[in-house]
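The next block holds one structure in the form of structure tokens; read it before the comments.
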Amino acid sequence: MDEKSSRTALRTARFEEHRPHLRAVAYRMLGSISEAEDALQEAWLRYDRTDTAGVENLGGWLTTVVSRVCLNLLRDRAQRREEPLVPTGPDGETGPERIPDPLLRREGVVDPEQEVMLADSVGLALMVVMESLSPAERVAFVLHDMFVVPFEEIAPLIEKTAAATRQLASRARRKVQGQAPAPDPDLGRQRLAVDAFFAASRNGDLEALVAVLDPNVVLRSDGGAALARHTLVLTGAATVAGQAAMWGKLSPFARPALVNGTAGAVVIGDNGRALSIMAFTVVDGAITAIDVIADPERLATFDLSAFRD
């Protein structure tokens with residue numbers, strides 16, 4: 001190997017060493033697996049054409065580069081939202097434009113790459129709430145609260161003072177804590193609640209269904225073409241339980257899954273066609289949020305082969 005090839009191989013190896021961390025940053029910033037990969041590719045291109053010999057902390061430098069790429073993508077998204085979101089809940093609630101991409105695996109299967117991406121229990125409900133943050137709020141919150149980057153280092157990225165950046169992160173934190181409480185850390189307790197949900201649905205037992213749901217449970221469903229660019233939102237145990245007939249039809253086809261590290265289900269019909277991905281947030285034994293992806297076009301983009309066995 002000549003000297004130039006050796007240098008290229010070394011630079012590539014150094015970037016690859018940081019890739020899992022950078023992917024985790026990008027996924028939490030964007031909530032999209034494909035966009036996270038695009039952000040990493042752009043970061044690689046910028047790294048490849050930059051002399052980083054004098055950079056003492058390459059990991060920090062790359063994190064800043066990826067964060068800047070993600071911030072630009074988030075701002076582009078915000079600018080594209082020319083139409084206000086249409087209320088889709090009975091009480092006038094508006095859902096996010098889309099439910100973020102879930103990270104899926106079968107229970108009992110170890111995936112080191114996902115473990116890095118999901119450190120600190122980044123449940124799907126939390127990712128949904130982060131969709132409501134402004135680009136600057138999301139960058140400040142993700143970098144500081146999830147990756148412990150000092151406000152002084154985040155401030156230049158979002159063109160704010162350190163004090164203003166602190167306020168942005170604090171505002172984002174309040175939104176997240178108010179709308180996405182931390183799930184029960186005991187996966188077994190989570191699974192008990194999810195199993196009870198499907199059992200009650202299958203039996204048409206509304207009383208049992210209401211009992212396993214938090215009184216203020218929120219159901220968000222990405223329902224495909226019928227909802228255009230909007231997400232259906234239902235709130236309250238009685239309202240969500242009222243969908244029992246639909247849940248009952250799906251229950252026999254539900255396959256246990258870990259969705260962003262928490263108990264969930266992938267629903268595969270008897271013809272092998274994916275019907276939905278369901279993420280549950282369980283707090284103190286009760287289901288506080290259900291996030292459903294049912295759009296056939298989106299479902300077709302996920303590798304669900306592990307759940308068809």
Side-chain angles (χ1 to χ4, degrees), residues 1-77 100-106 108-122 124 127 130 135-136 138-159 165 258-261 298 300-307:
M1 182 182 294
D2 59 33
E3 184 177 350
K4 181 178 180 181
S5 297
S6 179
R7 287 199 304 269
T8 300
L10 178 60
R11 282 178 61 80
T12 301
R14 294 185 70 194
F15 184 88
E16 291 302 318
E17 177 184 346
H18 296 284
R19 182 181 288 274
H21 166 78
L22 299 176
R23 183 183 287 112
V25 171
Y27 172 69
R28 298 182 202 198
M29 291 272 197
L30 301 169
S32 165
I33 296 171
S34 62
E35 287 187 351
E37 290 298 333
D38 290 344
L40 261 65
Q41 180 62 24
E42 177 61 27
W44 160 256
L45 293 174
R46 296 187 186 189
Y47 166 72
D48 190 44
R49 58 178 178 252
T50 303
D51 181 2
T52 57
V55 176
E56 295 183 4
N57 180 3
L58 182 61
W61 186 88
L62 287 170
T63 297
T64 298
V65 171
V66 167
S67 298
R68 185 169 285 114
V69 173
C70 290
L71 178 60
N72 290 337
L73 288 170
L74 289 170
R75 285 172 171 168
D76 286 345
R77 275 190 202 170
D101 291 344
L103 298 176
L104 304 166
R105 73 175 189 264
R106 295 185 65 163
V109 175
V110 177
D111 186 330
E113 186 174 288
Q114 272 199 21
E115 292 298 333
V116 173
M117 293 180 73
L118 292 174
D120 303 323
S121 298
V122 187
L124 197 61
M127 297 293 292
M130 288 201 295
R138 189 159 183 167
V139 169
F141 175 73
V142 169
L143 288 181
H144 181 267
D145 283 43
M146 296 184 175
F147 294 99
V148 202
V149 178
F151 290 120
E152 292 75 15
E153 295 181 19
I154 304 171
L157 180 65
I158 58 175
E159 301 174 334
T165 302
L258 289 181
V259 184
N260 282 51
R298 285 197 69 193
T301 67
F302 298 104
D303 179 5
L304 302 178
S305 56
F307 301 96

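The structure presented is a predicted model; accordingly, all values stated were derived computationally and were not measured.
Interatomic distance, CZ of R46 versus CH2 of W61, reported as 9.0 Å (0.5 Å rounding). Here H18 contributes atom NE2 and R23 contributes atom CZ; the two are 14.0 Å apart, rounded to the nearest 0.5 Å. Summarising the geometry, atom OG1 belonging to T165 is positioned 11.5 Å from atom CD belonging to E153; distances are rounded to the nearest 0.5 Å. Here the CZ atom belonging to R19 is positioned 6.5 Å from the CD atom belonging to E37, to the nearest 0.5 angstrom.
Not a single donor-acceptor pair under 3.5 Å links the side chain of R105 to the backbone N or O of G261. Distance alone, capped at 3.5 Å, places no donor-acceptor pair between the R77 side chain and the P135 backbone. For the pair N260 (side chain) and L103 (backbone), a donor-acceptor distance under 3.5 Å is present.
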Check your understanding: Run the side-chain contact (heavy atoms from CB on, under 4.5 Å) check on V142 and M130 step by step: do they pass?
Key -> CA-CA 9 Å; V142 169; M130 288 201 295; 4.0 Å; yes
**Study point:** Steps toward side-chain contact (heavy atoms from CB on, under 4.5 Å) verdict (L143, L157)
**Key:** CA-CA 11 Å; L143 288 181; L157 180 65; 3.8 Å; yes
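Crowding of R14 atom CZ: a count of heavy atoms from other residues, nucleotides or ligands under 6.0 Å not exceeding 12. Counting heavy atoms of neighbouring residues, nucleotides and ligands inside a 6.0 Å radius, atom CD of E16 exceeds 12 of them.
Contact annotation: the side chain of R298 approaches that of D101 to within less than 4.5 Å [non-hydrogen atoms, C-beta and beyond]. In this structure, R28 and R138 have side chains that are not in contact, with every pair of non-hydrogen atoms separated by 4.5 Å or more. A heavy-atom distance below 4.5 Å is found between the side chains of L104 and V259. With contacts defined as side-chain heavy-atom distances shorter than 4.5 Å, the pair I33/T301 does not qualify. Side chains of F15 and R11 form no contact here, defined as non-hydrogen atoms less than 4.5 Å apart.
Of all non-hydrogen atoms in V149 and I154, the two that sit nearest each other are O-CD1, 3.4 Å. Taking every heavy atom of both residues into account, I158 and R75 meet most closely at O-NH2, 4.2 Å.
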Please table the atom pairs, donor to acceptor, closer than 3.5 Å between any side-chain atom in residues 62-69 and protein atoms at least two apart or in another chain.
from	atom 1	to	atom 2	distance (Å)
T63	OG1	H21	NE2	3.0
T63	OG1	G59	O	2.8
T64	OG1	G60	O	3.1
S67	OG	T63	O	2.7

